Visitor: 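My questions will all concern the structure given below.
Computed from heavy atoms alone, side chains included, the values below leave out hydrogens, waters and symmetry copies. Quick caveat, the model's predicted, so the values are computed rather than measured.
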Amino acid sequence: MLKMILKGVVIGVANIIPGVSGGTMAVSMGIYDKIIHAATHLLSEFKKSMKLLIPILIGAALGLVVVARIIQMMFERVPFQTNLLFIGLILGGLPAMTKKVKGQSIRLPHILSCVLFFALVVGLAAMGETEGAAADLSFNMINVVKLFGVGIIASATMVIPGVSGSMILMIMGYYNPVLSEINRFIDNLVKFNVPGLLDGCAILIPFGIGVVVGIFAIAKVIEIIFTKFPYLAYWAIIGLIIASPFAILMMNNLGTITVVTVLTGIVALVAGIFVALKLGEE
């Protein structure tokens with residue numbers, strides 16, 4: 001259970017960092033297909049599904065609430081090393097994915113699938129270099145509907161490996177407003193500020209419902225794709241994984257690069273690969 005919670009922490013942290021994909025982290029740690037199966041068979045295999053999902057959700061919540069603030073501080077103080085740490089976490093999952101296609105002949109559709117999704121991630125990262133105008137989160141019926149829709153889009157992209165949900169939110173102008181609202185809600189919860197909590201719920205509940213709907217909807221689509229076109233899907237994910245380091249470097253500030261930062265960055269990269277390989281072990 002502890003190992004699953006730690007995997008959930010990594011996924012939770014990844015989902016709030018622009019350029020980093022929670023889905024890719026799940027692939028790297030060898031639990032992506034299990035999460036998809038659990039989400040799409042929640043009712044028919046409720047006990048088995050919840051046994052997998054509960055520790056991951058606990059870890060993701062911890063990652064969002066606690067570890068994310070530490071990671072944010074790391075990005076501010078040692079950005080180059082922190083970026084390379086996440087790149088290592090992603091690249092550490094590549095061997096597990098290449099094993100899926102080992103022994104299979106590489107055909108033109110496989111190459112096109114890999115190249116297309118590589119280009120998709122890099123293209124989105126290029127679009128997301130600057131955030132769109134900050135969205136209005138004031139409480140009214142139109143914004144409630146908008147937040148529900150944004151939640152669906154954000155969660156769907158979080159589930160797809162290689163596509164950063166936070167990057168999509170940034171492009172749409174909702175990243176900083178939603179993140180600020182989450183932090184404000186947590187602060188109000190600690191202070192037990194009831195009016196502040198109610199204001200936060202009016203914004204976060206429609207967004208949260210959209211997130212849940214999006215996850216289950218896209219999970220079913222992904223399961224169908226993996227069942228009918230498994231090798232095209234695997235090659236698409238390989239393209240997404242290879243593209244993710246480029247997206248991270250394009251989306252995030254690297255700070256001042258010196259000999260020391262390069263050397264410590266290499267250590268962080270190797271550490272990330274090592275952690276991903278260990279977390280990916282059954």
Visitor: Apply side chain to side chain contact (heavy atoms under 4.5 Å, CB included) to Leu249 and Phe80, showing your working.
Guide: CA-CA 9 Å; Leu249 294 175; Phe80 185 76; 5.8 Å; no
Visitor: Please report, to 0.1 Å, the donor-acceptor pairs under 3.5 Å made by any side chain of residues 197-216, with sequence neighbours excluded.
Guide:
none

Visitor: Keeping the roles fixed (side chain from Thr264, backbone from Thr261), state whether a donor-acceptor pair exists under 3.5 Å.
Guide: yes
Visitor: Give the C-alpha distance, both sets of side-chain angles, the deciding distance and a yes or no for side chain to side chain contact (heavy atoms under 4.5 Å, CB included) between Phe226 and Tyr231.
Guide: CA-CA 8 Å; Phe226 271 91; Tyr231 292 108; over 6 Å; no
Visitor: Will you find, in the side chains of His37 and Glu45, an N or O donor that is under 3.5 Å from an N or O acceptor?
Guide: yes
Visitor: Just do the side chain to side chain contact (heavy atoms under 4.5 Å, CB included) check on Leu85 and Leu269 with the steps written out, would you?
Guide: CA-CA 5 Å; Leu85 173 66; Leu269 178 71; over 6 Å; no
Visitor: Which distance, rounded to the nearest 0.5 Å, do you find between the CG of Asp33 and the CD of Glu223?
Guide: 10.5 Å
Visitor: Between His41 (side chain) and Ala38 (backbone), is there a donor-acceptor pair under 3.5 Å?
Guide: no
Visitor: Are Met4 and Ile31 side-chain neighbours, meaning at least one heavy-atom pair lies under 4.5 Å?
Guide: yes
Visitor: Indicate the atoms forming the closest heavy-atom contact of Pro245 with Ile87, along with that distance.
Guide: CB-CG2, 3.8 Å
Visitor: Heavy-atom count around Phe246 CZ within 6.0 Å, excluding the residue itself: above 12?
Guide: no
Visitor: Between OG1 of Thr40 and CD1 of Ile218, what distance do you get to the nearest 0.5 Å?
Guide: 12.5 Å
Visitor: Would one find more than 12 heavy atoms of other residues, nucleotides or ligands at under 6.0 Å from atom NZ of Lys220?
Guide: yes
